[in-house]
Colleague: 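Take a look at the following structure, please.
Keep in mind it's a predicted model, so treat the numbers as computed, not measured.
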Amino acid sequence: MTIGKIGALEVDFVATKPNEKAYFQVCASILDEKTRTRELRPLEAIPDHYPKFILTMDKNIYSDFSGIRVIHIIEFLMATD
């Protein structure tokens with residue numbers, strides 16, 4: 001895992017495998033519009049089509065923003081995939 005930079009923007013984590021990538025933003029809550037915009041902006045700036053996620057403590061308020069998935073952090077950590 002690495003931290004990603006897109007110009008002046010930063011993605012919290014980039015997970016890579018051969019021929020695969022996934023981008024992650026981690027935020028306690030995205031209920032506030034300014035916070036949500038701040039967290040979405042770097043992911044929206046990435047031109048490729050690899051999966052993009054926001055991990056948050058919010059309970060299923062949002063599930064998707066234009067293909068960027070929002071996942072409760074505990075569900076993500078407990079996933080067995």
Colleague: Just grab all the side-chain hydrogen bond (donor to acceptor under 3.5 Å, both in side chains) pairs involving residues 45-55, residues at least two apart or on different chains.
Modeller: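 Checked against side-chain hydrogen bond (donor to acceptor under 3.5 Å, both in side chains) - neighbours excluded - the pairs reaching residues 45-55 are Y23-D48.
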Colleague: Measuring only between side-chain heavy atoms, which start at C-beta, is T56 closer than 4.5 Å to V70?
Modeller: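 Side chain of T56 against side chain of V70, heavy atoms only: contact under 4.5 Å found.
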Colleague: So which heavy atom on D58 is nearest to which on H72, and how close?
Modeller: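 What the structure gives for the nearest pair is O-CD2, 3.2 Å.
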Colleague: Run the side chain to side chain contact (heavy atoms under 4.5 Å, CB included) test against N19 and tell me which residues pass, sequence neighbours left out.
Modeller: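 In terms of side chain to side chain contact (heavy atoms under 4.5 Å, CB included), with neighbours along the sequence ignored, N19 is linked to no residue.
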Colleague: Using atom types as modelled and distance alone, determine if a side-chain donor or acceptor of D12 lies under 3.5 Å from a backbone N or O of V26.
Modeller: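 Yes, because the side chain of D12 sits within donor-acceptor range (under 3.5 Å) of the backbone of V26.
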Colleague: Look at the side chain of R36 and the backbone N and O of I30, then say whether any donor-acceptor pair between them is shorter than 3.5 Å.
Modeller: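 Checked: pair present.
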Colleague: Counting C-beta onward and ignoring hydrogens, is there a side-chain heavy-atom pair between T35 and C27 closer than 4.5 Å?
Modeller: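 Side-chain contact under 4.5 Å: yes.
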Colleague: Please list, one pair per line, the donor and acceptor atoms closer than 3.5 Å that link side chains of residues 38-46 to other protein atoms, with sequence neighbours excluded.
Modeller:
residue : atom : partner : partner atom : Å
E39     : OE1  : Q25     : NE2          : 3.2

Colleague: Return the minimal non-hydrogen interatomic distance between V11 and F24, and the atom names on each side.
Modeller: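 Heavy atoms only, the tightest pair is CG1-O, 3.5 Å.
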Colleague: Which value, rounded to the nearest 0.5 Å, describes the distance between F53 atom CZ and D64 atom CG?
Modeller: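 Taking CZ in F53 and CG in D64, the distance rounds to 10.5 Å.
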Colleague: Taking side chain as C-beta onward, heavy atoms only, is I71 less than 4.5 Å from I54?
Modeller: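 No, every pair of side-chain atoms sits at 4.5 Å or beyond.
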